[in-house]
Amino acid sequence: MDMNENKRRRSMLLYILIALIAYLAISQTLGTNLTARQVQDVSYTEFLTMVDQDQVKKVDLNTGDNTLTFTTGEGESEKIYETTMWPGDSTLIERLDEHNVDADANIPDTSGDMWLMLLISYGLPILIFLGIGWWLNRRMKKAMGDDGPSMNFGGGGFGMGGGLGKSNAKEIKGEETGVTFKDVAGQDEAKESLQEIVSFLKNPEKYNEIGARCPRGALLVGPPGTGKTLLAKAVAGEAGVTFFQIAGSAFVEMFVGRGAAKVRDLFKQASEKAPCIVFIDEIDAVGKRRDSSLSSNDEREQTLNQLLSEMDGFDNHKGIVVLAATNRPETLDQALLRPGRFDRRIPVELPDLAGREAILKIHADDVKMERGIDLGVVARSTPGASGADLANIINEAALRAVRFGRNRVTQEDLLESVDVVIAGEKKKSTVLSQHEKEVVSYHETGHAIVAAMQKGSAPVSKITIVPRTSGALGFTMQVEEDEHFLTTRQEAKDKIAVLCGGRAAEELIFNEMTTGASNDIEKATQLARAMVTQYGMSEKFGMVQLGQPASRYLGGGSQLTCSEGTAQEIDAEVQRLVEEGHQTALRTLRENRFKLHEIAHYLQKKETITGEEFMNILTRDDGFAPKMPKPPAE
Ligand code: ADP
Ligand code: MG
Ligand code: ZN
């Protein structure tokens, strides 16, 4: 857009003005300074005496301030004096004439002086003030996130410069987004909902004719990286209409009223380009619920109000559709969600198994792969991964292939990059001592054996003790055979036991504890707490909601919704659940301690072992066959 141009013009203007003022100010002081060189002040009577003695050669009268500047002597011996004229001395000119003094009157242009004075005394401070304001504005915008305090410099008067209220929206022609529904894997329900918008944008008249009112706005909600931005672009691509993209945070300005101006500008542009899509990404930055708290943010509320009224006001016969995306729908202002605004809410969830495989396929098409690659394995080992994670896995695999000088991606590249995305790169610089390596081996084997012995646990697919950049010194990967969407209470308990397996092994074998279990402890506690407060899975409280997830899509714990006394009891209950898992793990490992030794030693030697190798040793009947092993998964 012409934003840069505008900015450059504005700052040019500023520089020219400053230079001009500086020039005038300097020339003014220089002017007086020139005459002031070695000027001697004398009294008026002294001056008259000097005239009478024929010493004075030349007199300059400045009628502006009644000063007389006069010179005596010639050449080298010339001296300059100054004095103030006696008011109303009408005889002076005769006396000067009498003594042949060269007299000259200097009538200053007082009107010009006044302007200069005004400019210097008012203009300069104003300019400096504006300059500082401008600079502050830029700095703060850079330094601040979306939620800073708003500051009001005299009603935002600085916004006059033009171009400041511009929306900054990125405008893309529909065909040029380069994305259609074909590029979005899975998300069939979302696509279906959006299909109607596509057909409306392609053909608004058809809808107008029958009197149907198409949705003005749709809100895409879901966790980060699930393809919300991608879907919005795809709608524009499908319909072939202009796509205005702007981030919600771009509206939140330092100056009250400017965000609102941007909103106005955006909708003005949009109505010129209709049919089109206005896409506001991460709308929670502006759309946060207005509250009555004292620390409310004027600027954001004004911007939100403007957005609400624009959405009510625009003529949607022309075919403008506002799409917005957020991963914090619970924070949005209710007014945004009422019919006529974002009346359609489209969930964009994390992909399921089939979805993950489809996303992998789409991205795999862009890279050269060996034949017979099994993307299903990758999909199965990445539950909970978002589309962005999966795209990243494919890319990491391609990078790895290049690093090894191959021109095709292999299955191994893919599996290795799954580890990289889950746990970080291998960290070669971390060298564990022999003892530490032993502890980590037992720790990971502990997890694996407890997992194998629990009915509700997913089979182990890999155990490794290679340190990773994420800080993990090793990990045990479990891969679900098929996806399931419900977790039973027993499965949750088993999971806690598996998480406790690492620490339990350390205690059992070394009679010692290490810090290596901190991540396990965190996860186990979180799960136990959710069982008690959200899933109603504790005997003690039963089906009572005691906490609310703080943010559905961003994870991050829950907020308790109970009394203080209950909170204490919850803590006790959580502790009991985790301890129960800990005891289960200890018991399981005690019963299988020979297998624990054997597998841990094997792991220490090989560093990475597959699930099959693990199960082979575990189920081999050598007199120490595991107690009650789970039937090996097919
Ligand atoms: P969000 O806006 O939900 O945070 P994005 O739309 O920015 O996520 O997705 C990031 C990237 O992840 C996309 O550019 C795309 O490469 C990939 N991706 C995410 N979801 C999908 C999907 N369903 N199909 C194909 N690629 C996807
Ligand atoms: Mg996005
Ligand atoms: Zn562990």
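Keep in mind it's a predicted model, so treat the numbers as computed, not measured. Every number for a ligand or one of its atoms is a count from 1 in the order of the listing.
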Would you check the N or O atoms of [X], main chain and side chain alike, for any that come under 3.5 Å of an N or O of ligand 1?
X      : value
Ile359 : no
Asp281 : no
Ala185 : yes

Indicate whether any N or O donor in one side chain lies under 3.5 Å from an N or O acceptor in the other, for [X] and [Y].
X      : Y      : answer
His582 : Glu507 : yes
Gln490 : Asp494 : yes
Tyr602 : Glu613 : yes
Thr514 : Glu506 : yes
Asp571 : Gln575 : no
Glu444 : Thr476 : yes
Glu310 : Gln306 : yes
Thr331 : Asp284 : no

Could you identify the single nearest non-hydrogen protein atom to [atom] and state the distance to 0.1 Å?
atom                    : answer
atom 25 (C) of ligand 1 : Asp183 O, 3.4 Å
atom 12 (O) of ligand 1 : Ala388 CA, 3.2 Å
atom 8 (O) of ligand 1  : Gly227 N, 3.2 Å
atom 14 (O) of ligand 1 : Leu230 CD1, 4.2 Å
atom 2 (O) of ligand 1  : Thr229 OG1, 2.7 Å
atom 4 (O) of ligand 1  : Gly225 N, 2.8 Å

Check your understanding: Do Phe475 and Arg468 pass the side chain to side chain contact (heavy atoms under 4.5 Å, CB included) test, and can you show the C-alpha distance, the side-chain angles, and the key distance before you say yes or no?
Key -> CA-CA 9 Å; Phe475 61 89; Arg468 297 278 165 170; 3.8 Å; yes

So, 4.0 Å and heavy atoms of [X]: is ligand 1 close enough to count as a contact?
X      : value
Gly186 : no
Leu231 : no
Ile362 : no
His363 : yes
Ala325 : no

Under 2.8 Å from the Mg ion (ligand 2), protein N/O/S atoms total 1

Distance col, row Leu308:CG vs Asp333:CG, nearest 0.5 angstrom, shows 6.5 Å

d(Arg403 CZ, Asp413 CG) to nearest 0.5 Å is 9.0 Å

Out of all atoms in ligand 1, which are within 4.0 Å of some heavy atom of [X]? Include the element for each.
X      : result
Val184 : 23 (N), 24 (N)
Pro224 : 4 (O)
Gly387 : 12 (O), 17 (C), 18 (N), 19 (C), 20 (N)

- Query: Hey, is CD on Glu607 packed in by over 12 heavy atoms from elsewhere, all under 6.0 Å?
  - Reply: yes

Inset, instruction - May I ask you to check if any N/O/S atom from Glu444 comes under 2.8 Å of the Zn ion (ligand 3)? - result: no

Across all chains, not counting sequence neighbours, the side-chain hydrogen bond (donor to acceptor under 3.5 Å, both in side chains) partners of Glu196 are Arg344

* Test Phe279 against Phe244 for ring-ring contact (aromatic ring centres under 6.0 Å, His included), laying out the working first. => CA-CA 6 Å; Phe279 177 54; Phe244 290 97; over 10 Å; no

For the Zn ion (ligand 3), angle spanned by His443 NE2 and His447 NE2 (nearest 10°) is 90°

The atom of Asp520 among N, O or S that is nearest the Zn ion (ligand 3) is OD2

>> Tell me whether the rings of His447 and His443 are parallel (<30°), tilted (30 to 60°) or perpendicular (>60°).
In response: perpendicular

